[in-house]
Asks: 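The structure that follows is given in the form of structure tokens.
Keep in mind that the numbers below use all heavy atoms, side chains included, and drop hydrogens, waters and symmetry copies.
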Amino acid sequence: MADDDELAKFRNEWKNELSRSSIPGQSKNDGLQQSHSDKSDTSTSHPSAGILLQKSKPHLCEPVEEAPDHDGGSAQQETEEQTYYPFRILGKLLNEVSNTAAEDVCKSERKRKYFVDETGKGGGNVTLKKRHSDLTNSAGQKGRHIPIVARSHTKTPVPTRERFLDVFIADLDEINEIPFFDVSLPREVAVQIFKHLDMEDLCQCAQVSKSWRSLADDELLWCQICHQLGYDQDVCALEKSNWKNVVRSHVQQRQTLITNWKGRLGKLYQLQHPQGGVMCATHSSNTIVTAGYSNGEVKMWDLSNGDTCVFQPSSTALRIDERQDEGTVPNYVLHVQTSSQYTVASYKHRMVDVWQNDQGVSPVSSFQCEGGWDISELKLAQLAPLFALIQGYYVRVYRSENNPEFSMIDKLDLGKMVCHIQWLEPHSQQYNPDYALAIATHNIISLYRPGMEHRSEIHNMIDSPISCFDMRSDHGQMGVGCGMYGPTEGHKVHLYNLATAQLLNSLQGHTWMVTCLNMADSPAHHLITGCGDRKVRIYDTRQSTWPAKTLLGHSGKITCVQMDEWKVVSGDEGGFVRVWDQRMRTKLWEWHNRNPVSYIQFSEGRLIVGNIPYDKFPVDDQLDRISQPKFRGSLQVYDFSADQTTQGLPEICHSSYDQPETYNYNIRLAVPYDSI
């Protein structure tokens with residue numbers, strides 16, 4: 001019976017509490033606390049909880065209005081007594097937490113460039129205003145409302161209008177607005193996108209994630225970069241593997257070459273010829289170097305494998321010198337030109353011999369040019385079996401119809417003394433009709449295409465003698481160095497468009513005759529000139545008509561110039577060869593030979609210099625033999641492709657330091673304990 005009485009008593013108390021919790025006089029504040037208790041504890045199954053939540057749940061965007069407190073603390077105490085005990089405890093906890101958390105949220109939201117305007121109206125309520133520029137965030141979405149705690153006249157705090165879970169989810173949404181590369185694309189499409197990146201950008205993309213590293217290390221991308229840098233252009237992507245390491249090795253080798261160039265670290269050797277002749281002409285093509293001598297011989301060196309060959313002329317007969325009563329004229333070499341397949345030489349007796357580089361020492365074709373003028377210039381095309389020569393008023397053009405024999409295909413009569421000729425070659429390995437020959441007379445330059453009678457005129461200026469010119473086929477431009485008879489005009493370099501014969505620019509700044517001009521080997525939009533005033537000038541044709549840089553230091557007239565992206569090599573008639581850092585405008589190093597510098601050609605790892613004396617037949621001894629090398633001229637090659645500082649030296653001379661000392665002597669000074 002006692003148990004039944006206790007159960008009945010519990011039921012009565014439960015019914016009384018339920019009836020008290022839903023009375024109309026209950027304060028809204030307690031209802032709001034109970035609603036928060038329902039939000040926080042979703043496992044509550046009390047039937048009155050849902051009713052309280054529906055009655056007291058405010059709208060998130062509407063301001064919270066407080067019920068006036070007429071009875072002071074007694075009303076609050078009465079309400080707390082009528083509230084279900086677990087709800088009352090949880091409501092107190094939520095009030096304390098929401099008070100501190102709401103203040104923290106408001107502080108954090110103020111940092112997001114929002115501001116609160118206290119109007120002081122309507123019982124001291126706080127209203128929120130937002131800048132018009134902040135209505136839209138960086139992701140293009142509207143900014144969410146900030147939870148604001150509206151305080152009444154009482155000291156009882158009001159909780160926030162947003163749940164903390166909603167705030168947390170909104171913060172996560174703001175983070176996810178920025179894509180974190182989780183876009184699924186086919187690999188082929190991603191590779192096409194990465195093709196537009198350079199080497200540095202690909203290396204940075206490889207550090208993002210594993211998937212990006214897989215894309216950034218793709219073989220096709222690095223094969224393309226290798227070809228763009230100019231390495232292994234004849235090798236496709238399937239013929240090699242690990243193209244990234246191939247590019248790395250080439251870049252490291254290039255850095256080593258630049259260091260060797262600046263420090264003059266390389267192997268210097270001379271291309272010697274037996275006694276009995278003076279060097280009269282020289283030329284090179286890639287790794288093949290040729291030189292013609294006063295005894296009629298032409299010698300060829302292949303720098304790639306060290307092979308040498310001496311070509312024999314078709315005739316070594318002496319001719320009577322008609323200008324003198326007694327004496328003869330030897331058949332010495334006037335000009336020599338070489339390519340990867342052929343070598344052509346012209347002689348004093350107006351003869352021309354053609355050799356095939358890999359077909360013995362006897363000429364495959366020989367020609368006798370009739371007329372009273374000597375052959376003043378000879379030019380051989382590098383990519384096609386074509387060569388042309390100047391003989392007074394005439395220009396003769398030869399071509400190999402059936403390999404290897406040559407035949408004359410045209411003889412041009414200009415009516416004036418021809419000064420210079422040069423081939424304009426397209427970027428192709430086979431002959432095509434786009435080959436053109438630029439012919440310069442005293443003041444006219446015309447463009448002739450083999451097999452066509454018509455010649456297009458490019459340059460024609462009266463009283464403007466042409467001293468030199470050069471062309472580049474990739475840009476279709478020609479630079480012409482001209483002098484002026486009048487004292488007011490001065491010396492200029494005119495830049496023309498080959499397709500339209502339009503004058504693009506006139507480069508100024510020269511105070512004397514332009515002696516040499518190099519445009520074909522220079523970087524894009526650049527041109528370098530040498531002048532009789534002993535100065536080297538570098539022009540950027542996109543910026544100004546005046547020289548961008550001027551290099552001073554030569555003691556004689558400039559005879560040869562060449563430049564690349566960072567260095568300049570120049571030679572003068574006094575025998576000096578100077579290597580410059582063109583960005584710093586400073587001389588790196590130089591060397592001297594007693595004979596004038598007549599030929600300069602450098603590649604990435606090699607420098608070829610030819611010094612040709614003026615006197616081709618000096619008398620050195622009673623036997624008319626030239627025994628001293630200083631009279632024979634010199635042909636020197638600097639090889640910077642390998643570091644020679646430690647090769648062939650004993651171990652005691654090897655230092656453990658990073659930078660070698662006394663590099664000009666090709667040795668490292670050290671003591672035995674340096675390697676301990």
Side-chain angles (χ1 to χ4, degrees), residues 112 136-141 168-263 265-266 427 474-475 522-526 540 542 563-567 581-584 602-606 640-643 645-646 656-660:
R112 299 183 183 182
T136 304
N137 55 16
S138 59
Q141 298 181 357
F168 178 69
I169 293 175
D171 291 337
L172 290 181
D173 291 338
E174 291 182 0
I175 297 175
N176 294 330
E177 286 171 1
I178 303 174
F180 195 66
F181 317 117
D182 289 336
V183 181
S184 298
L185 289 177
R187 185 177 181 85
E188 294 78 6
V189 178
V191 169
Q192 293 296 326
I193 296 175
F194 275 48
K195 273 187 176 181
H196 301 280
L197 302 179
D198 56 8
M199 181 170 55
E200 183 177 355
D201 293 337
L202 283 179
C203 294
Q204 292 179 353
C205 290
Q207 302 176 6
V208 175
S209 62
K210 291 184 179 180
S211 59
W212 277 48
R213 181 172 183 177
S214 176
L215 287 173
D217 292 344
D218 192 84
E219 297 289 339
L220 294 177
L221 299 177
W222 286 100
C223 179
Q224 176 185 356
I225 291 178
C226 188
H227 292 170
Q228 290 175 355
L229 295 176
Y231 307 118
D232 298 335
Q233 295 184 352
D234 54 343
V235 182
C236 64
L238 297 178
E239 296 180 7
K240 281 188 177 182
S241 61
N242 206 348
W243 279 95
K244 187 174 183 179
N245 288 338
V246 174
V247 174
R248 182 186 294 110
S249 63
H250 284 300
V251 172
Q252 291 176 353
Q253 183 179 4
R254 175 176 172 80
Q255 295 297 328
T256 302
L257 289 176
I258 293 176
T259 303
N260 293 345
W261 268 96
K262 292 183 177 181
L265 300 174
H427 297 282
D474 53 350
H475 290 179
S522 300
H525 307 291
H526 284 77
D540 189 343
R542 299 166 297 180
M563 69 174 292
D564 61 5
E565 290 80 4
W566 69 273
K567 65 178 177 294
D581 189 335
Q582 59 109 344
R583 293 172 293 185
M584 300 298 294
F602 70 81
S603 59
E604 191 173 24
R606 188 179 292 113
F640 299 98
S641 59
D643 191 357
T645 56
T646 60
S656 59
Y657 302 134
D658 294 334
Q659 297 294 333

Asks: Is there side-chain contact between Q224 and L220, with at least one heavy-atom pair below 4.5 Å?
Replies: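 Sidechains of L220 and Q224: no contact.
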
Asks: To the nearest 0.5 angstrom, please state how far the CD atom of E604 sits from the NE2 atom of H250.
Replies: 9.5 Å

Asks: Within the 4.5 Å heavy-atom criterion, are M563 and P523 side-chain neighbours or not?
Replies: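 In contact.
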
Asks: Could you label the plane-to-plane angle of the W212 and F194 rings as parallel, tilted or perpendicular, counting under 30° as parallel and over 60° as perpendicular?
Replies: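 Taking F194 first and then W212, their aromatic rings stand perpendicular (interplane angle over 60°).
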
Asks: How far does OG of S522 sit from CG of D540, to the nearest 0.5 angstrom?
Replies: 11.5 Å

Asks: Does R213, at its CZ atom, have more than 12 non-hydrogen atoms belonging to other residues, nucleotides or ligands within less than 6.0 Å?
Replies: no

Asks: Are any non-hydrogen side-chain atoms of R254 and Y231 less than 4.5 angstrom apart?
Replies: yes

Asks: Can you list everything that forms a side-chain contact (heavy atoms from CB on, under 4.5 Å) with I193? Sequence neighbours excluded, please.
Replies: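 If we apply the side-chain contact (heavy atoms from CB on, under 4.5 Å) test to I193, skipping adjacent residues, the hits are L185, V189.
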
Asks: Taking the side chain as every heavy atom from C-beta outward, state whether L221 and I225 have any atom pair closer than 4.5 Å.
Replies: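 A side-chain contact is absent here, since even the closest heavy-atom pair is not under 4.5 Å.
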
Asks: Under 4.5 Å between any side-chain heavy atoms of D232 and K240, yes or no?
Replies: yes

Asks: Are the side chain of N260 and the backbone N or O of F640 linked by a donor-acceptor pair below 3.5 Å?
Replies: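 Yes: the side chain of N260 pairs with the backbone of F640.
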
Asks: Using side-chain heavy atoms (C-beta onward) and a distance below 4.5 Å, is W222 in contact with R248?
Replies: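 No - every pair of side-chain heavy atoms lies 4.5 Å or more apart.
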
Asks: Whether the side chain of H227 engages the backbone of V235 through a donor-acceptor N/O pair (distance < 3.5 Å, no angle test) should be reported.
Replies: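 Checked: pair present.
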
Asks: Could you tell me which residues satisfy salt bridge (Lys or Arg N to Asp or Glu O under 4.0 Å) with K195, sequence neighbours excluded, listed by chain and number?
Replies: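 K195 satisfies salt bridge (Lys or Arg N to Asp or Glu O under 4.0 Å) with no residue once adjacent residues are dropped.
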
Asks: Quick check: closest heavy atoms across D234 and E239, and the distance to 0.1 Å?
Replies: O-OE1, 4.5 Å

Asks: With rounding to the nearest 0.5 Å, note down the distance linking SG in C226 to CG in N245.
Replies: 11.5 Å

Asks: Are there more than 12 heavy atoms of other residues, nucleotides or ligands under 6.0 Å from atom CD of E200?
Replies: no

Asks: Of all the heavy-atom pairs spanning R187 and S214, show the shortest one and how long it is.
Replies: NH2-O, 2.9 Å

Asks: Tell me, with the steps shown, if R583 and E565 meet side-chain contact (heavy atoms from CB on, under 4.5 Å).
Replies: CA-CA 9 Å; R583 293 172 293 185; E565 290 80 4; over 6 Å; no

Asks: Which heavy atom of A216 sits nearest to which heavy atom of L202, and what is that distance?
Replies: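 What the structure gives for the nearest pair is CB-O, 3.5 Å.
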
Asks: Which heavy atom of A190 sits nearest to which heavy atom of L215, and what is that distance?
Replies: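 Heavy-atom minimum between the residues: CB-CD1, 3.6 Å.
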
Asks: Do the non-hydrogen side-chain atoms of M199 and K244 ever get within less than 4.5 Å of each other?
Replies: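 They are not in side-chain contact.
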
Asks: With side chains defined as the heavy atoms from C-beta onward, is the minimum distance between W261 and F602 less than 4.5 Å?
Replies: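 SC-SC contact between W261 and F602 confirmed.
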
Asks: Could you tell me the separation between the CD atom of Q233 and the CD atom of Q228, rounded to the nearest 0.5 Å?
Replies: 10.0 Å

Asks: Taking all non-hydrogen atoms of both residues, which atom of A524 and which atom of H526 are closest, and how far apart?
Replies: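 The pair with the smallest heavy-atom distance is O-ND1, 2.9 Å.
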
Asks: Are any side-chain N or O atoms of E219 and backbone N or O atoms of W243, one a donor and one an acceptor, separated by less than 3.5 Å?
Replies: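 Pair found, side chain donor or acceptor close to backbone of W243.
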
